[in-house]
There are 2 protein chains.
Amino acid sequence: MMASFRDIKEDILARISAREWAPGDLIPNEVDLATRYGSARSTVNRALRELAEAGLLERRRRAGTRVARRNWRGAFFEIPLVRAEVERAGGRYGYHLLERRAEGAGPEAAARLELPAGAPVLFLRCLHFADGLPHQLETRWINLSEVPAAGAMPFEREGPNEWLVREVPWSSSEHVFLAAMPDAGERGLLGMEAGEPLFVLERRTWSAQATITWARLAHPGARFRMVSRTDPTG
Amino acid sequence: MMASFRDIKEDILARISAREWAPGDLIPNEVDLATRYGSARSTVNRALRELAEAGLLERRRRAGTRVARRNWRGAFFEIPLVRAEVERAGGRYGYHLLERRAEGAGPEAAARLELPAGAPVLFLRCLHFADGLPHQLETRWINLSEVPAAGAMPFEREGPNEWLVREVPWSSSEHVFLAAMPDAGERGLLGMEAGEPLFVLERRTWSAQATITWARLAHPGARFRMVSRTDPTG
């Protein structure tokens, strides 16, 4: 199978993350990598160039390519359960289920969960509070073919996120952070000022077989930020 | 030196990241960790509890604490140079210096750079373009005591970020992601619609000795999102 430059980037990133290739190590040359991945040398070159631009590799003419010792240009955000996040900040956590219905996937749910339209899903909308103030509005679909047990859960006292983390193993995930304006309903539910933006975290989670769940976690922008502090040990 | 629960969390996170403690490994018990860190057992307990809540550790009564095999509840965002980011998306990169002045640190610069008021700093404001459209508004202070060479750089053709990455080694960094409304000047410079929010990335970088630089990188919210996809190999 011919690897794409994205496949090659991901494989190299995985080796760096696992410290198979440690900071300062020389990695194989382009010709050897092209053989290893069964790809054109130009494909390998593009992967190496992008990783070098991101600061993960250091390329030197003649001296070869090394894993960068510093300038790991990235940020790791720990994303705790919302209850843990509120309690960690010294707040009192509250939870309220707004909507829960099992249904056939409409166009958005089908796209988010990578399912055919009409596939069985559970739609949930929940509010999470910190000291009685709305902190996060959660909108979620769960793939009931992959997680049938969710169909029997009321989610009236415990949010679906906590239940999923405890009960359903996952193997990969995607996070998207973005800024957006709330609609009137969201503004009201979250108790936001006119003209205040949302900070939105979208998360999709997969098992080895299928998409498990997609969630949109919306926070009042004036009261929320994501912080990451890194001390690279390389 | 007595370690705080934050010190202990950071040390444990560093060991997990470096795979000194790999997924599934049993870590030392609370009593041993309290001895190792010279801290109260309750301090160690708080660090372990927060790491468990974040999904990084699994705690079992009697069976001890292990590094979690899955549910790494976090997201790693690669943060490339803006030029690389634009070119990677197939765009044509452009750069324009708006303001550059050496000055004594005012209240905001002093706070951002952790310097006394009046300390020598370089203030910079730059626009980065993708295919001729404004993509990022960069506002930056550089600590001239720590990076005196920056005082001689015009930054007219190359942005300060690229120069700093190439010339100035750093040892730790802090990233903050947030949503905010632009002021009229920012909206005009970035060519944004009325009512469109900003996605803002703030980054502070330290050498072993001092703060090097603080930057606010503001993007039009309608055209920008941060994406991270993880395949934990644990």
Side-chain angles (χ1 to χ4, degrees), chain A residues 10 13-14 17-19 49-56 69-81 83-85 87-88 165 169-181 195-204 219-222 224-233, chain B residues 10 13-14 17-19 49-56 69-81 83-85 87-88 165 169-181 195-204 219-222 224-233:
Chain A
E10 275 185 21
L13 264 173
S17 302
R19 302 250 158 170
R49 193 180 66 231
E50 292 197 0
L51 289 168
E53 281 170 351
L56 295 164
R69 285 184 186 277
R70 61 172 82 88
N71 288 338
W72 183 284
R73 296 181 57 74
F76 182 80
F77 291 89
E78 202 185 319
I79 303 179
L81 286 173
R83 181 175 54 73
E85 177 197 321
E87 290 176 352
R88 188 183 297 191
V165 164
W170 57 272
S171 61
S172 64
S173 65
E174 177 194 69
H175 289 86
V176 179
F177 291 176
L178 57 95
M181 293 312 287
E196 181 184 346
L198 294 171
F199 187 100
V200 177
L201 193 170
E202 292 179 351
R203 178 167 51 216
R204 182 150 51 173
H219 300 86
F224 188 82
R225 44 190 53 203
M226 298 287 303
V227 179
S228 159
R229 193 152 170 176
T230 53
D231 271 286
T233 47
Chain B
E10 276 185 20
L13 264 174
S17 303
R19 301 248 160 173
R49 193 179 67 232
E50 293 197 359
L51 290 168
E53 281 169 352
L56 295 164
R69 285 185 186 277
R70 61 173 83 87
N71 290 337
W72 182 285
R73 295 181 57 74
F76 183 80
F77 291 89
E78 201 186 320
I79 302 178
L81 286 173
R83 182 173 55 73
E85 178 196 320
E87 291 176 351
R88 189 183 297 191
V165 164
W170 56 272
S171 60
S172 63
S173 65
E174 176 194 71
H175 289 86
V176 179
F177 292 177
L178 57 95
M181 293 313 287
E196 183 185 345
L198 293 171
F199 188 100
V200 177
L201 194 170
E202 293 179 352
R203 178 168 50 217
R204 183 151 49 174
H219 300 85
F224 188 83
R225 44 191 52 204
M226 299 287 304
V227 179
S228 158
R229 193 152 170 175
T230 53
D231 270 287
T233 46

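All values below were derived from every heavy atom in this structure, side-chain atoms included, with hydrogens, water molecules and symmetry-related copies excluded. Within every chain, numbering begins at 1; the chains are lettered A, B, ... in the order of the sequence lines, protein sequences first and strands thereafter.
Residue B/Glu85 does not touch chain A at all, counting heavy-atom pairs closer than 4.5 Å. Using a 4.5 Å cut-off between heavy atoms, A/Leu201 makes no contact with chain B at all.
Shown here for B/Met181 and A/Gly195, the closest heavy-atom pair between the two residues is CG-O, 3.0 Å.
Note: A/Pro197 leads A/Pro197, A/Gly221, A/Ala180 in heavy-atom pairs under 4.5 Å with chain B. Here B/Phe177 is the residue among B/Phe177, B/Phe224, B/Phe199 with the most heavy-atom pairs under 4.5 Å with chain A.
Here the CZ atom belonging to B/Arg49 is positioned 9.0 Å from the CD atom belonging to A/Glu87, to the nearest 0.5 angstrom.
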